[in-house]
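One is the number of the first residue; the rest follow in order along the sequence.
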Amino acid sequence: MHDRPTSPPPRATAPASSRPSLDPTDPPPRPQRRGGQKAARLIDRDALVRDYQDGASTVDLARRHDVSTKTISTLLKAAGIRPRSVAEARQVRTRNAWLTLPKPEPIKDRPEITDVFGVVHRATLRIPTSFGFDVLRGPPLGGSGNGIILTRDLVAHLERHRLHPGACGLPLSPASLTRLRRRLTLDWHADNQDWWQERREELATARTKDFAARHGADPAIVDHVRRRFHGRRREPRDTWLDAAARDLILSPTLSLAEIALRLGISRAYVSELRAEFRTGRRKPDSRRTRRAEVAPSRPAKS
């Protein structure tokens, strides 16, 4: 079974019923900070321009000075600096990440290394990692080039991070990681969908909080995925609505807010349950339910 995913599924051109869910482990969106004249006057504009020219993004500067990105852009424009576009900012981040990567070290004895496909290579360069193995480069015997050798340790590490390749921590560029995963036929899109398909039945019966705590997922995303697979539904009452909870809901001394706080539900739900217990009739669910959407099966490898 794969480890939990940390990246959102793709926005494919397939119909909505075939698209997988959103990323269950993404942190909640950061609240947008408000800039202003008082906050702008406290920022050293010369230092701001130097940091921006050194490669810091408007998002980094906004978090550093606790203002909005719009305030940072306004200050840069006032200083005669044109804010970078999205493509230019991506190029700067890639360049800075490349400069921080450790440089390959030459190997004196140049040993012969066999990769996972059985091809023998002559290892000429090594890149140290913090995972107990080195990334080796070298040409195949009788060939040329300095490609990355797919050793067993490297392949096992990529397999462990197949659902979140960006978090593997290897000193390689994103383009190199993409090429290695393509050589190993690691399909991130299909793996992400398979992760949710394997837990489809668990989603149908487990409570949202329990599932989110067990797999480290966002409860809101868990509800979203459940609605895609099984449609809208209410939480199963028999898992938590015991005799003590019934007595608490029917308590004449507690308010709806106090009962809702103790049970972790809304006041409207408490009022609905109280009316149901007193009358013996359950309020019909008038909300429209969506038909369960089935994610496509994993495509066959050609």
[X], [Y]: one ILVMFWY side-chain cluster at the under-4.5 Å cut-off?
X    : Y    : result
L154 : L125 : no
I113 : I127 : no
V49  : V92  : no
L256 : F277 : yes
L141 : I148 : no

Distance from [X] atom [atom1] to [Y] atom [atom2], nearest 0.5 Å?
X    : Y    : atom1 : atom2 : answer
R262 : S251 : CZ    : OG    : 8.0 Å
R179 : L172 : CZ    : CG    : 9.5 Å
I81  : K77  : CD1   : NZ    : 13.0 Å
R182 : L177 : CZ    : CG    : 11.5 Å

Distance alone, cut at 3.5 Å: any donor-acceptor contact between the side chains of S173 and S176? yes
If only side-chain N and O atoms count, and only distance matters, is there a donor-acceptor pair under 3.5 Å linking S271 with R274?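 No.
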Is any side-chain heavy atom of [X] closer than 4.5 Å to a side-chain heavy atom of [Y]?
X    : Y    : answer
I72  : L76  : yes
L158 : L170 : yes
V225 : V222 : no
W196 : R228 : no
L150 : R183 : yes
H121 : D115 : yes
V67  : I43  : yes
T114 : V119 : no

Could I get the full list of side-chain contact (heavy atoms from CB on, under 4.5 Å) partners for E105, not counting sequence neighbours? R126, P128
All side-chain contact (heavy atoms from CB on, under 4.5 Å) counterparts of A244, not counting sequence neighbours: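 With sequence neighbours excluded, A244 shows a side-chain contact (heavy atoms from CB on, under 4.5 Å) to D242, given in chain and number order.
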side-chain contact (heavy atoms from CB on, under 4.5 Å) assessment of W188 paired with H164: CA-CA 8 Å; W188 169 79; H164 42 92; over 6 Å; no
Contacts of H157 that satisfy side chain to side chain donor-acceptor pair (under 3.5 Å) - sequence neighbours left out: R160
Partners of T124 by side chain to side chain donor-acceptor pair (under 3.5 Å), sequence neighbours excluded? N146
Could you go through L186 and L180, starting from their C-alpha distance and side-chain angles, then the distance that decides it, and tell me whether this counts as side-chain contact (heavy atoms from CB on, under 4.5 Å)? CA-CA 9 Å; L186 296 179; L180 293 178; over 6 Å; no
Surrounding NZ of K103 (heavy atoms of other residues, nucleotides or ligands, distance under 6.0 Å), is the total greater than 12?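 Yes.
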Minimum heavy-atom distance [X]-[Y], with the two atoms named:
X    : Y    : value
T69  : V59  : CG2-CA, 4.0 Å
A56  : L61  : CB-CD2, 4.0 Å
R207 : R226 : C-NH2, 4.1 Å
I259 : L248 : CD1-O, 3.2 Å
F211 : A206 : CB-CB, 4.3 Å
R110 : I107 : CG-O, 3.3 Å

Test salt bridge (Lys or Arg N to Asp or Glu O under 4.0 Å) on E159 and R162 and set out the steps. CA-CA 5 Å; E159 285 281 353; R162 62 186 304 160; 2.8 Å; yes
Could you give all pairs that pass the salt bridge (Lys or Arg N to Asp or Glu O under 4.0 Å) test and reach residues 140-157, with sequence neighbours left out? none
Thinking salt bridges, do R267 and E258 make one under a 4.0 Å N-O criterion?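 Looking at E258 together with R267, the answer is no, because their closest N to O distance does not fall below 4.0 Å.
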Please identify each residue that fulfils ring pair (Phe, Tyr, Trp, His ring centres under 6.0 Å) with Y52, with sequence neighbours left out.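 Here no residue qualifies.
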Distance-only, no hydrogens or angles: does the [X] side chain make a donor-acceptor pair with backbone N or O of [Y] under 3.5 Å?
X    : Y    : result
D134 : L136 : no
T178 : P174 : yes
H230 : R200 : yes

Report the C-alpha separation of E112 and R122 in whole Å, then their side-chain angles, then the decisive distance to 0.1 Å, and conclude whether the side-chain contact (heavy atoms from CB on, under 4.5 Å) test is met. CA-CA 5 Å; E112 294 183 359; R122 180 78 66 182; 3.4 Å; yes
Tell me, with the steps shown, if L184 and F117 meet side-chain contact (heavy atoms from CB on, under 4.5 Å). CA-CA 10 Å; L184 296 173; F117 300 108; 4.1 Å; yes
Among L75, L48, L42, whose side chain to side chain contact (heavy atoms under 4.5 Å, CB included) with H65 holds?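 Among L75, L48, L42, the one meeting side chain to side chain contact (heavy atoms under 4.5 Å, CB included) with H65 is L48.
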Candidate list L273, I249, L250, test side chain to side chain contact (heavy atoms under 4.5 Å, CB included), partner R278, passing option: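 The side chain to side chain contact (heavy atoms under 4.5 Å, CB included) with R278 is passed solely by L250 among L273, I249, L250.
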Determine, using ring centers only, whether W195 and H215 are less than 6.0 Å apart.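 So the answer is yes for these two rings.
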